[in-house]
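Each chain gets a letter, A, B and so on, in the order the sequences are listed, and its residues count up from 1.
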Number of protein chains: 2
Amino acid sequence: MDLKDRDADASRRIRTAAVLLFARRGYAATSVRDLAREVGMTNAGVYHHVASKEALLADLMRGAQQGLIDATEHMLRDVHAPADRLALLISSLTATHALSPMTTRVMDGELRSLTPGSPARDEIIALRDAYEEHWRRAIADGVADGSFRIADQRLTRLALMSMCTGTSEWYRPDGDSTLEQVCAEFVAIGLAAVRSSVRAAAAPDPSLLPEFPWEPPHVRNDPSSAEAGR
Amino acid sequence: MDLKDRDADASRRIRTAAVLLFARRGYAATSVRDLAREVGMTNAGVYHHVASKEALLADLMRGAQQGLIDATEHMLRDVHAPADRLALLISSLTATHALSPMTTRVMDGELRSLTPGSPARDEIIALRDAYEEHWRRAIADGVADGSFRIADQRLTRLALMSMCTGTSEWYRPDGDSTLEQVCAEFVAIGLAAVRSSVRAAAAPDPSLLPEFPWEPPHVRNDPSSAEAGR
DNA sequence: GTCTATAGGCAGATAGAC
DNA sequence: GTCTATCTGCCTATAGAC
């Protein structure tokens, strides 16, 4: 291994430690010194490989989003029927979250840690939106050609995407379910969701729900939440 | 307003500010000074009302979990058919996340910020498990009496719970969908999920999924994740 | 009940030796 | 490429005045 390879290896080991610690403790609760200890360096040594802690986070998130987009577009290339495309979106998002839980937890949950208005943050939001557009189109196409019957396309998309991304919180490769079982089950739920006609079902009486005396009022155009209104 | 009321009011305003900031920035990224500024005090003033920053978080999380349990058990009292009980669990969890998004985000996402092994953390985990047991039983009962046809009860439960909890990330009271529409749609998806027989659906070829060079290997019995294996 | 002041520690980041 | 040493600043929490 020559010098360049050793450098690349150190950089990769730093990123591995970073994604693990960021996913477990959160970005804000992880110090550069924690990171350095994990890879056997001092904190100054880490700064030879990364410009800043925030740039490291942005790199990881950009790479994760871009990797997901690339893999998705590659898999969708020769699949045309909306139901097949939706099934593929469900199984690939689920499997990515099952197989790369640390990376996807950081990707899904640390957007708030990037400085508002920074170019890196805006770029990552654009990538996320580009990915979601694949879901939007698959569902809209299925409705347009009559293969899906859906009351609200946006709600259906948000429900199914949450189902898939939640996988990173509980899936274990040595657990009770194989990846194949999870994907099959989630695809079945997704396809059932887009074929089902709306059933009568009332929302619960709000007065029966818990009320928390500290819950703040809703704020319009919440600037802290990039998830708003997608 | 007498002195006791003023004290109670200050305590409530601190909790409101705390849940807002903890939900937006995360617990670790929120300082006691941020909190104090939000309620018009100095940081020392806050410590008259809370024992510590972590005790404040534990109080909020315990109250959120307990409120959810209480409301759920109250609503379930006179509902017996498994499909009706599942529909109620779906719509109440969804509505709680829609109406109390800040509290539920903290409840769902800040368990990792409580000191491992602390009594407060163990207590909150026990509350969460007690809540999940209602889902487990509703699904098991439906399978037992033949009203549900499900390939894997655990997967179905995890999928539907993720769908419901995800609501806190995107729902806005002045947005495109009313609370009633969201609950109706999600109940429809949930009931479709438990009545559908398994369809053939293959998981994607893992070699086609993105691979992240920094993604750490899976660790058995990950002690940092209380979500494991539930 | 809220303040000022401060203790004691850890944060992100940099300088310069080797 | 990694180190030691350090700068500067913010952190949680407490002491004690009013």
Short side-chain N/O contact to D/dT2 OP1/OP2 from A/Thr42, under 4.0 Å: no
Side-chain donor-acceptor pair under 3.5 Å between A/Arg154 and B/Ser177, yes or no? yes
What is the distance from CZ of A/Arg37 to P of D/dT2, rounded to the nearest Å? 17 Å
Answer with base, sugar-phosphate or nothing: what part of the nucleic acid does A/Ser31 contact at a heavy-atom distance below 4.0 Å? sugar-phosphate
Give the rounded distance in Å between these two atoms: CG of B/Asp34 and P of D/dC10. 11 Å
Taking OP1 and OP2 of D/dC3, is either one under 4.0 Å from a side-chain nitrogen or oxygen of A/His48? no
I need the CG-P distance between A/Leu21 and C/dA11, as an integer number of Å. 12 Å
Please name the pair of heavy atoms, one in B/Leu35 and one in B/Ile14, separated by the smallest distance, quoted to 0.1 Å. CD2-O, 3.5 Å
A correct 5'-to-3' footprint of nucleotides 13-18 of chain D, with B, S and - meaning base, sugar-phosphate only and no protein heavy atom under 4.0 Å, is BBB---
Just the rounded figure in Å: distance from C1' of C/dG1 to CG of B/Asp9. 13 Å
Electrostatic pair B/Glu132:B/Arg136 at N-O distance under 4.0 angstrom: yes
Determine whether A/Ser168 and A/Met102 make a side-chain contact, defined as any pair of heavy atoms from C-beta on separated by less than 4.5 Å. no
Whole-Å distance separating the CG atom of A/Leu35 from the P atom of C/dC10: 18 Å
Looking only at side chains, do B/Gln153 and B/Thr156 share a donor and an acceptor under 3.5 Å apart? no
Heavy-atom pair with the smallest gap, counting every atom of A/Ala130 and A/Ile69: CB-CD1, 4.3 Å
Do B/Ser100 and A/Glu215 have side-chain atoms, one donor and one acceptor, less than 3.5 Å apart? no
Is it the case that A/Glu73 and A/His134 place a side-chain donor and acceptor less than 3.5 Å from each other? yes
For residues A/Ala138 and A/Arg85, report the shortest heavy-atom separation together with the two atoms involved. CB-CB, 4.4 Å
When the C1' atoms of the five terminal pairs at each end define the local axes, what inter-axis angle does the helix from C/dG1-D/dC18 to C/dC18-D/dG1 show, to 10 degrees? 0°
